[in-house]
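Since the model is a prediction, treat every value here as computed from it, not as a measurement.
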Amino acid sequence: MRLYGLIGYPLGHSFSKKYFSEKFENENIPDCRFENFEIEDIGSFKLILKKKPDLLGCSVTIPHKEKIIPYLEFVSPEATEIGAVNCIKVSNGKASGYNTDWIGLGNSIKPLLQPSHKKALILGTGGAAKAVFYALKKLGLLVKFVSRKPGNGCLLYDQITRATISEYTVVVNCTPLGMPPYEGRFPLIPYQFASTDHIFYDLTYNPEKTAFLRRGEENGAVIKNGLEMLYLQAEAAWGIWNAD
């Protein structure tokens, strides 16, 4: 039996387990199962490797995308530059780290981009935001982080003006605002200055249309949630797990 899994804490109703379990059934992929590994302490990862010798790969979610790195034998150049791992391949008991979030985001947002989309704001600075930064750079955009705390060249939310919104026509929400238990909340930016020239992208997919996306849409922006990104990053992970 080939085993795959998800590492994170807490996991609750995880996307990954449902997605891969349905994939195995719908695509008639035999001898595969998917298991959640809800671990609060990332040090428990080594114990999982010992207890689960049939484990071939796993996804990594919050809060372990950065914490997992010291426990890996190899980290891909992309994941190293991003500074976060969301995909682990296990071979002969040795774990290698990759990042497929940037692949998912890049392939999801690319069809929306027009020549006028030259600069992007990333709301939030966590592991997922770093993957978004890498993807948008690969697509040729100039990117700026927005944070609640000063430092590292980030803009603060109260520094975002009409001129900023006019200049940065791609806005990606990487904060938890809008998702449970923060439904109805949204990053504090001047949405009234958005227009039909803008793309508002939210990594959250539940709810389908967050308060962030609704406010962008009300002002004419093209909007998209993160569900397709999740599908695309999951398929990229499946490819890594099954590569020779």
Side-chain angles (χ1 to χ4, degrees), residues 1-11 14-24 27 29-110 125-139 174 203 226 228-244:
M1 181 69 72
R2 292 181 289 164
L3 175 64
Y4 303 92
L6 173 67
I7 293 171
Y9 185 87
L11 293 179
S14 78
F15 163 86
S16 296
K17 184 171 184 178
K18 182 176 185 294
Y19 179 83
F20 282 107
S21 296
E22 290 179 355
K23 177 182 176 68
F24 299 154
E27 299 181 19
I29 302 173
D31 302 323
C32 286
R33 63 187 179 92
F34 196 97
E35 184 175 336
N36 280 347
F37 300 108
E38 192 171 52
I39 56 172
E40 187 171 6
D41 179 5
I42 192 58
S44 300
F45 174 66
K46 290 292 187 183
L47 190 59
I48 292 172
L49 292 180
K50 289 181 180 179
K51 286 187 172 181
K52 304 288 183 177
D54 52 347
L55 181 66
L56 298 178
C58 53
S59 297
V60 184
T61 189
I62 55 175
H64 297 321
K65 289 186 178 184
E66 296 157 297
K67 296 176 183 177
I68 191 69
I69 292 176
Y71 295 87
L72 303 173
E73 302 284 341
F74 165 82
V75 179
S76 73
E78 295 85 359
T80 298
E81 184 170 340
I82 292 166
V85 162
N86 78 310
C87 172
I88 295 173
K89 179 181 175 71
V90 182
S91 180
N92 298 320
K94 295 184 178 181
S96 300
Y98 302 86
N99 191 295
T100 63
D101 280 336
W102 77 272
I103 298 172
L105 184 280
N107 289 337
S108 179
I109 202 171
K110 186 177 180 179
T125 57
K130 293 174 182 178
V132 171
F133 179 81
Y134 185 86
L136 294 178
K137 277 204 313 176
K138 284 288 186 182
L139 290 170
C174 299
L203 297 197
E228 183 186 45
M229 173 187 170
L230 273 180
Y231 290 144
L232 294 170
Q233 66 81 22
E235 285 301 316
W238 179 248
I240 289 171
W241 294 338
N242 290 280
D244 293 333

(request) Find out whether M229 and D101 are in side-chain contact, i.e. whether some heavy atom of one side chain is under 4.5 Å from a heavy atom of the other. (result) yes

(request) Provide the closest heavy-atom pair for V85 versus G97 in the form atom of the first, atom of the second, distance. (result) CG1-CA, 3.9 Å

(request) Can you measure from CG (N107) to CG (L139) and round to the nearest 0.5 angstrom? (result) 8.5 Å

(message) To the closest 0.5 Å, what do you measure between CD (E66) and CD1 (I42)?
(response) 11.5 Å

(request) Look at the side chain of D31 and the backbone N and O of R2, then say whether any donor-acceptor pair between them is shorter than 3.5 Å. (result) no

(request) First locate atom CD1 of I7, then atom OG1 of T61, and finally report the distance between them rounded to the nearest 0.5 Å. (result) 11.0 Å

(request) May I ask you to say whether E81 pairs ionically with K137, meaning some side-chain N is under 4.0 Å from a carboxylate O? (result) yes

(message) Given 3.5 Å as the limit, does a donor-acceptor pair link the side chain of S76 with the main chain of Y98, or not?
(response) no

(message) Tell me the closest heavy-atom pair linking C58 and L6, and the distance in Å.
(response) CB-N, 4.3 Å

(message) Evaluate I69 against T80 for side chain to side chain contact (heavy atoms under 4.5 Å, CB included), listing each step before the verdict.
(response) CA-CA 9 Å; I69 292 176; T80 298; over 6 Å; no

(message) Treating E27 as the side-chain partner and F24 as the backbone partner, does any N or O pair qualify as donor plus acceptor under 3.5 Å?
(response) no

(message) Counting only heavy atoms from other residues, nucleotides and ligands, does the tally under 6.0 Å from CG of L72 exceed 12?
(response) yes

(message) Within the structure provided, determine whether K52 and D54 are in side-chain contact (heavy-atom separation under 4.5 Å).
(response) yes

(request) Dump the intermediate steps for side chain to side chain contact (heavy atoms under 4.5 Å, CB included) on K23 and F34, then the final yes or no. (result) CA-CA 10 Å; K23 177 182 176 68; F34 196 97; over 6 Å; no

(request) For the pair W102 (side chain) and A128 (backbone), establish whether a donor and an acceptor sit closer than 3.5 Å, ignoring hydrogens and angles. (result) no

(request) First locate atom OG1 of T100, then atom CG of L105, and finally report the distance between them rounded to the nearest 0.5 Å. (result) 11.5 Å

(request) Kindly compute the distance separating CD1 (I48) from CG (L55), expressed to the nearest 0.5 Å. (result) 8.0 Å

(request) For the residue pair L136 and I109, establish whether any side-chain heavy-atom pair is separated by less than 4.5 Å. (result) yes

(request) Would you give the length of the straight line joining atom SG of C32 to atom CZ of F20, rounded to the nearest 0.5 angstrom? (result) 10.5 Å

(message) Restricting to non-hydrogen atoms, name the atom on N99 and the atom on N86 that form the minimum distance, rounded to 0.1 Å.
(response) CA-OD1, 3.1 Å

(request) Check for a donor-acceptor pair, side chain of N92 on one end and backbone N or O of K94 on the other, with a separation under 3.5 Å. (result) no

(request) Could you check I29 against W238 for side chain to side chain contact (heavy atoms under 4.5 Å, CB included), going step by step and ending with a plain yes or no? (result) CA-CA 12 Å; I29 302 173; W238 179 248; 3.9 Å; yes

(message) Please check if the number of heavy atoms outside E40 that lie under 6.0 Å from its CD is greater than 12.
(response) no

(message) Taking G43's backbone N and O only, do any of them form a donor-acceptor pair with D41's side chain (distance below 3.5 Å, no angle check)?
(response) yes

(message) Pair C87, W241 - check side chain to side chain contact (heavy atoms under 4.5 Å, CB included), show working.
(response) CA-CA 9 Å; C87 172; W241 294 338; 3.5 Å; yes

(message) Quick check: closest heavy atoms across L49 and A95, and the distance to 0.1 Å?
(response) CD1-CB, 4.4 Å

(request) Please tell me if the side chains of I88 and F45 come closer than 4.5 Å, counting only heavy atoms from C-beta onward. (result) yes

(request) List the atom of P10, the atom of E38, and the distance in Å for their closest heavy-atom pair. (result) CA-OE2, 3.3 Å

(message) Determine whether a donor-acceptor pair (N or O, by modelled atom type, separation under 3.5 Å) exists between the side chain of H64 and the backbone of I39.
(response) yes

(message) Can a donor-acceptor pair be found, under 3.5 Å and without considering hydrogens, that links the side chain of K65 to the backbone of A84?
(response) no

